[in-house]
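As the structure is a prediction and not an experimental result, all values here were calculated from the model.
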Amino acid sequence: MADKILSRVSSAAGALAVGAFTVNSCIYNVDGGERAVMFDTLRGGILPDVRNEGTHFMIPVVQRPIIIDVRTKPREIPSVTGTKDLQMVNIKLRVLWRPVIEKLPQLYRELGTDFDERVLPSIGNEVLKSVVAQYNAEELLSKRAEVSARIKTELIKRGAHFHLTLDDVAITHLTFGREFMKAIESKQVASQEAERQQYVVQRAEQERIANVTRAEGEAEAATIITKAMEKTGNAIVEVRRIDAAKEIATKLAKGRNITYLPGGGATGEGGNGGNPGLLLSVDK
């Protein structure tokens, strides 16, 4: 009796295992951010419909699901190309791309699952070379936003032919060869030297104008003094001497260490002259 029960239990367990294996082989899951296309051996390969996220049924052996990631992914595209003035430039693009979901069966049929490796480097280099060749090296620096916008427009057009959507395209790296960098450095040094020389010339011109103005003023003052002396004789000289003496006396009166020593008495017979006084600066 026990043997019969054990036999029935083992048979039921085997049936359950076979059933579980059969059910498990008939379903598959599509995770978030993914889509699936179905390969069917009886209906001629890839089916035209796309399976969304969730759990789906399939026919074992006859059908095989192919899971494809459809989330937006970044990719860097490097390129070395020439400018309009024959300067070599090393440029890199950062591209945010994703496949067109409705075109996944055709995309997989034509390019496989590594379609980004097959498409993006080739169209990226093609667009970079065609756009950069329309600008001089200096224009790539001064018109970087315009160049980036043109590259983005052209790359979006080319990506649409391969069922790829480009959400964003930006230039992340832009360098030139050593010869061009030396030429730019030499040009900047020459420009700074030219500006400095221009400043020196302007300063010299201003000094010349100031000297001319000063000379004209002195000449005019001399003319006025000459005319005054012709009219008044030495009176103007005496007035100037008195003014100068007053100014000197005023400055000496304000000094703290100035001492006045009067001169000696009269010299000679009946003479009225005398030695002049002395002003001494006494340091403390």
Side-chain angles (χ1 to χ4, degrees), residues 27-41 43-58 62-84 87-135 140-141 143-177:
I27 62 175
Y28 64 94
N29 294 322
V30 179
D31 296 332
E34 296 178 340
R35 297 293 186 274
V37 294
M38 184 64 69
F39 179 81
D40 194 317
T41 57
R43 289 190 284 177
I46 300 296
L47 300 181
D49 56 331
V50 178
R51 310 297 172 89
N52 295 322
E53 302 170 359
T55 301
H56 304 274
F57 291 95
M58 66 177 181
V62 176
Q63 294 180 332
R64 176 172 58 89
I66 300 163
I67 309 298
I68 300 176
D69 190 353
V70 296
R71 289 170 290 191
T72 300
K73 294 182 285 295
R75 184 179 181 88
E76 189 175 71
I77 304 175
S79 179
V80 179
T81 183
T83 62
K84 188 177 181 180
Q87 297 292 336
M88 298 306 297
V89 56
N90 186 357
I91 188 171
K92 291 182 180 179
L93 286 181
R94 182 178 180 272
V95 179
L96 295 178
W97 69 276
R98 54 187 171 85
V100 179
I101 294 177
E102 294 78 9
K103 299 293 183 179
L104 283 178
Q106 182 179 351
L107 193 59
Y108 176 77
R109 188 182 301 112
E110 295 175 355
L111 299 173
T113 55
D114 59 342
F115 42 82
D116 59 319
E117 294 287 345
R118 297 172 182 266
V119 173
L120 289 178
S122 60
I123 66 174
N125 277 276
E126 176 187 354
V127 171
L128 279 174
K129 292 181 184 298
S130 63
V131 174
V132 171
Q134 302 177 27
Y135 292 88
L140 289 179
L141 298 175
K143 300 179 180 180
R144 183 164 179 165
E146 177 183 336
V147 175
S148 181
R150 290 193 60 179
I151 292 174
K152 179 179 180 179
T153 301
E154 295 297 326
L155 203 55
I156 288 176
K157 291 180 181 178
R158 295 288 292 132
H161 291 292
F162 296 95
H163 315 301
L164 298 180
T165 300
L166 304 182
D167 296 325
D168 185 57
V169 178
I171 298 176
T172 58
H173 182 75
L174 181 65
T175 57
F176 297 92

Pick one: which of [options] meets side chain to side chain contact (heavy atoms under 4.5 Å, CB included) with [X]?
{"X": "Ser79", "options": "Val127, Val89, Ile91, Asn90", "answer": "Ile91"}
{"X": "Thr72", "options": "Asp168, Leu166, Thr165, Leu96", "answer": "Leu96"}
{"X": "Met38", "options": "Gln63, Arg43, His56", "answer": "Gln63"}

Does [X], at its [atom1] atom, have more than 12 non-hydrogen atoms belonging to other residues, nucleotides or ligands within less than 6.0 Å?
{"X": "Lys84", "atom1": "NZ", "answer": "no"}
{"X": "Lys157", "atom1": "NZ", "answer": "no"}
{"X": "Arg109", "atom1": "CZ", "answer": "yes"}

From [X] atom [atom1] to [Y] atom [atom2], the distance as rounded to the nearest 0.5 Å:
{"X": "Gln106", "Y": "Ile46", "atom1": "CD", "atom2": "CD1", "result": "12.0 Å"}
{"X": "Lys152", "Y": "Leu93", "atom1": "NZ", "atom2": "CG", "result": "12.0 Å"}
{"X": "Leu104", "Y": "Arg51", "atom1": "CG", "atom2": "CZ", "result": "13.0 Å"}

* Has the side chain of Arg144 got a donor or acceptor atom that lies under 3.5 Å from a matching backbone atom of Ile171? -> yes
* Asked: Does the Arg158 side chain pair with the main chain of Ile123, one donor and one acceptor, at a distance under 3.5 Å?
  -> no
* **Audit row: Leu174, Leu141, side-chain contact (heavy atoms from CB on, under 4.5 Å) steps and yes/no** => CA-CA 9 Å; Leu174 181 65; Leu141 298 175; 4.1 Å; yes
Do you know which two heavy atoms are closest between [X] and [Y], and how far apart they sit?
{"X": "Arg150", "Y": "Tyr135", "answer": "CD-OH, 3.1 Å"}
{"X": "Gly33", "Y": "Glu53", "answer": "N-OE2, 3.0 Å"}
{"X": "Gly82", "Y": "Met88", "answer": "CA-SD, 4.1 Å"}

* Heavy-atom side-chain contact between Trp97 and Val119 under 4.5 Å -> no
* Pairwise side-chain contact, Pro105 with Val50, heavy-atom cut-off 4.5 Å (strictly under) -> yes
* Lys/Arg N to Asp/Glu carboxylate O, Arg35 vs Glu102, below 4.0 Å -> no
* Structure fact -> Test salt bridge (charged side-chain N to carboxylate O under 4.0 Å, His left out), reference Arg98, set Asp69, Asp167, Asp116, output is Asp167
